[in-house]
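Notes follow once the structure below has been shown.
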Amino acid sequence: MIARKNPEMEVGRNSSLYFAIGIINMLLITNILLEYKTYETSSLVLDTISMEAEYEDDIPITTINPQPPPPPPLTITEKVIVVDDIEEITESIIESTESGQEDVIESRIVAVADVKVVKVEEDVEVPFAAIESVPIFPGCKGGSKEEARKCFQMKIQEHIQKNFTYPDLAKELRIQGKVFVIFIIDNKGNITNIQSRGPDKILEKEAERIISLLPTMIPGKQRGKPVRMPYSVPIVFQYVESEN
């Protein structure tokens with residue numbers, strides 16, 4: 001079939017050219033709109049200034065009367081009167097109490113019976129490892145030295161377990177650790193000079209309280225005489241959460 005339309009009158013023949021021209025026009029218009037700038041116009045307002053006449057006040061002239069100068073200082077004249085000495089004054093002579101080379105030292109023979117010997121009790125401190133007889137804890141029976149040492153250490157551990165209390169504040173703050181307590185059993189069997197070192201003051205205070213509750217013991221002996229004995233013991237504070 002033969003087309004009857006005129007090919008020059010076909011609408012879609014130059015459609016790509018028209019599309020390109022339209023795109024170019026749109027880009028040009030968009031560029032113009034983007035580059036367009038506006039400026040604020042400020043209007044200048046001229047106000048009228050009214051100036052009033054200034055009046056100057058007349059300042060009165062005052063005269064200042066200067067103060068008179070202070071009076072000159074008074075001069076005191078001294079009169080020296082010479083008086084003859086009536087009484088004679090004897091000067092006191094201060095003699096030296098130090099001994100010199102010419103002084104003779106009195107020689108005296110001292111007999112042996114005149115010498116008095118005073119016995120002084122020495123406060124000897126012997127450590128636990130070197131003491132001959134360890135302190136006897138109440139409840140420990142007599143026996144060999146090794147049995148006495150084991151009984152002493154066992155009674156100390158039982159005392160700590162019996163009187164141990166975990167401080168509530170330490171539980172709340174979750175404070176735990178090992179506290180080393182050092183104390184002395186004196187020559188009368190009393191617990192003295194308690195010192196502690198640990199991770200926190202709360203635990204140290206509780207450890208010192210436990211040791212202070214130790215009973216009076218029979219003091220340790222060295223060469224048959226009561227002596228002081230230092231002793232150190234660790235106390236472990238370990239917080240364990242209870243399972244519900």
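Quick caveat, the model's predicted, so the values are computed rather than measured.
Heavy atoms from other residues, nucleotides or ligands lying under 6.0 Å from NZ of K155 number more than 12.
With sequence neighbours left out, T165 forms a side-chain contact (heavy atoms from CB on, under 4.5 Å) with E206, R209. Evaluation of the side-chain hydrogen bond (donor to acceptor under 3.5 Å, both in side chains) rule for E208 yields S196 as partners, not counting sequence neighbours.
Here the straight-line distance linking atom NZ of K150 with atom CE of M154 works out to 11.0 Å at 0.5 Å rounding. Here N163 contributes atom CG and S212 contributes atom OG; the two are 9.0 Å apart, rounded to the nearest 0.5 Å. Atom CD of Q222 is separated from atom CD of E132 by 4.0 Å, given to the nearest 0.5 angstrom. Note: I185 CD1 to T216 OG1 = 10.5 Å, rounded to the nearest 0.5 Å. How far CG of D200 is from CD1 of I202: 4.5 Å, rounded to the nearest 0.5 Å. Distance check, rounded to the nearest 0.5 Å: CD1 of I182 to CD1 of I211 gives 11.0 Å.
Side chain of R149 to main chain of F128: a donor-acceptor pair is present (N/O by atom type, distance under 3.5 Å, no hydrogens or angles). Listed for the N31 side chain is no donor-acceptor partner under 3.5 Å among the backbone atoms of L27.
Between F237 and F164, the two ring planes are tilted [angle within 30° to 60°].
Closest approach of P135 to F152, counting heavy atoms only: O-CD1, 3.4 Å.
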